[in-house]
Amino acid sequence: MTTFNYVSSSMLTLSLLITLNAQSQEILPTEPQLLLQEQAHKHQSGHIDIDEHEHEQDKAHEHGHDDEFETIIVTSTRIGRAVNDEPVRVEVINREELEEKAIMRPGNISMLVAETGGVRVQTTSPALGSANIRLQGLYGRYTQLLNDGLALYGGQAASIGLLQIPPTDLARVEIIKGSASSLYGGSAMGGVINLISRRPSDEPEAELLLNATTRDGQDITSYVAAPISEAIGVSFTGGAHHQAIQDLDNDGWIDMAGYERYTARPRLFWEGDDGATVYATAGYMTENRTGGTRAGATLANASEFVQNQNSERLDAGLVASGALNDTLGWGLRGSAMMQHHDKDFGGVLDSDKHESYLIESTISGYTLDMNWVMGVAMHSERFESDDFAQFNYRYDVPGIFAQADYEISSYVSSSLSARFDRHSEFGSQFSPRISMLYRPDDWTIRASYGRGYFAPTPFVEEIEAAGLVRLAPLDNIREETATTSSVDIAYQFNKLETNITLFASSVDGVTELEAFVSPDFPLPDNGIGNRVRLVNSEGESRIYGTELSTRYKWKDFKVTASYLYLDATEQMLNAHTRQRIALTPRHSAGLVAMWERHGEFRTGFEAYYTGKQRLDGNPYRDESKAYWHLGLMGEITVGAISYFINLENLLNIRQTKEDSLVLPNQAPDGQWTTDIWSRNDGFIVNAGVRIRFGEDAH
């Protein structure tokens, strides 16, 4: 059977051969010396078993044979290893879970990550509905979003980008929490989310999903993959998505932004006879999004405030790898992204362009006890505004990096990585990370420590939501830096998996907005300022937490539970006292119960608890209420057709039931709304059909 694969450019393909015992379900590694020799032989002959096993595992998830294939080879850590043998903790959302979440939210990936412990999807713009991803309490702008290891959505992906990525063609999602700047530079100070795409098999296959919601939303997504020859496979993903504007409390303000979005992404996979691989992709997205006041409605100042954003993104990426000799390999990675926005903030127009470019070259190898990779990279970020040229910037960041994984003994291994960047604006930056793994019997103990940096831009969350019109030109802004550490203890007994993580983060120089009065500025002062400026916080933001999770599987039943405790504080601006970081609940928890019989049906129940949060700039309350989110879903499969229904927010939780979303006066940054601390859509039902063709249909 021929399988089309690609290998991440920085992945060490000569790293690990896994032997699986289906009866005991244990991972039985081969002897290291024999493993290296066998891997070298297979790499030379063009058979890359790591990826073949990975593809077979993806198929096993599709066909319900999870018990025989419990091992996943992760690539986000640059040296491809089995997830259980990786010193760096990598959390994986597999294909089975992706299929469950895709029928809940087919239009974007927010649902995929929102239900992972320690991960919070935070709404950043109540007017447009945009959101970002916060890992273990850190700000969402510190999270690097990758696709197959490529920065296809930019080095610092905008909040709206999360809502423009359909999950149709994903095989799994890999999540690294804590500083990953040593691996991916300044955009990954808080962690990495890597979206791994599906790969064509030896038979043509296709999938079509149709979805509709009770809030007048519709989604059509499609996936087609086929072999072209023994060496080449291709795939294509396309989607069309619609949401009508919704004013659920009839106050004249749109609670759910309306949009029309279209996406397309072809992919090509090539593998040569000598083991060399090439993966290439391109993507196109266009979207028109509408929020703010409804037609004819006005705010407290008797004016309309329509907020629109039209987006267009074009991206391309390439990953190539091959062997230099028996023990050395090479890799090449490159990506380009160009994104154009036309924005309207209450009649203030803003047209801008974002560009992001990356080129990276690596060499990798191994010794008897060590796998290593080193490389050089050049990353460039550019922003140009037609209407606010004073905020234009260009960051050019050449860098060098290296990583080494060392097997100290059969129970202990380590991973050391470091990166040196020369930032064109913020100078020299050194980002190290060390991780240790200890695996006695059924226990797995990991410890990590890392440092990273983040290059500030004007686009903190509030400015993305309000635009640049009220922001003063940046002056004396320095980079943000962070130190993150964690200890992770996992235990597996038969079908029960448990995990506890203790983590701590300290962020210095957090950029935040400070309101002030500008007498020369034409917009009025409402007693709290009429402009804002970006400043570095004088003190540190400190985040301490504990993450608990457990999973139990018995026959066709699976139960997953998680709990997150966060003690997140920051120094108050122009004061010497500390306060809780806004929109960061101290307590949150989740429970998911699923009953599934593959090829026949699946039904599930979910319950999520979000505790109280400190609110900033909210005239109605200083602290939010705690709330529960409950959901039910079901899917029935008849041959190649699956019918599904999903009931979200059974308790009909909606923030506008408690307080108005609209402020009595416009905020200094230009927003007319409070932050969203709860749900904003109420009870909603979506239902549809998924049709499979070819191999996936059986």
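- For Phe683, the side-chain contact (heavy atoms from CB on, under 4.5 Å) partners are Leu647, Leu650, Asn652, Val685, not counting sequence neighbours.
- With sequence neighbours excluded, the residues forming a side chain to side chain donor-acceptor pair (under 3.5 Å) with Glu461 are Asn132, Arg141, listed by chain and number.
- Arg602 and Glu99 are joined by a salt bridge, as a carboxylate oxygen and a charged side-chain nitrogen come within less than 4.0 angstrom of each other.
- Between Arg690 and Glu635, at least one side-chain nitrogen of the basic residue sits less than 4.0 Å from a carboxylate oxygen of the acidic one, meeting the salt-bridge criterion.
- Between Glu91 and Arg89 there is a salt bridge, since at least one side-chain N of the basic residue sits less than 4.0 Å from a carboxylate O of the acidic one.
- Contacts of Thr603 classified as side-chain contact (heavy atoms from CB on, under 4.5 Å), with partners at least two apart in sequence or in another chain: Trp595.
- Counting non-hydrogen atoms of other residues, nucleotides and ligands closer than 6.0 Å to CD1 of Ile645 gives a total above 12.
- Proximity of a side-chain donor or acceptor of Asn686 to a complementary backbone N or O of Arg105 within less than 3.5 Å is not detected.
- The closest side-chain heavy-atom distance from Val192 to Glu174 is not below 4.5 Å.
- The 12-atom threshold is exceeded at CD1 of Ile641, counting heavy atoms of other residues, nucleotides or ligands nearer than 6.0 Å.
- Checking side-chain atoms of Gln243 against main-chain N and O of Arg215 turns up a donor-acceptor pair under 3.5 Å.
- Contact check on Lys343 versus Glu464 returns no salt bridge, with no Lys/Arg side-chain nitrogen under 4.0 Å from an Asp/Glu carboxylate oxygen.
- Of the possible donor and acceptor atoms, one in the side chain of Gln655 sits under 3.5 Å from a partner among the backbone N and O of Ser678.
- A salt bridge links Lys177 with Glu547: the closest approach of a Lys/Arg side-chain nitrogen to an acidic carboxylate oxygen falls below 4.0 angstrom.
- Within the 4.5 Å cutoff, the side chain of Tyr279 has no heavy atoms near those of the Arg199 side chain.
- Taking the six-membered ring wherever Trp is involved, the centroid distance between the rings of Phe459 and His354 falls below 6.0 Å.
- No hydrogens or angles considered: nothing links the side chains of Thr143 and Arg134 as a donor-acceptor pair under 3.5 Å.
- Remark: Lys558 engages Glu96 in a salt bridge, criterion side-chain N to carboxylate O under 4.0 Å.
- With salt bridges taken as basic N to acidic carboxylate O contacts below 4.0 Å, one links Arg597 and Asp556.
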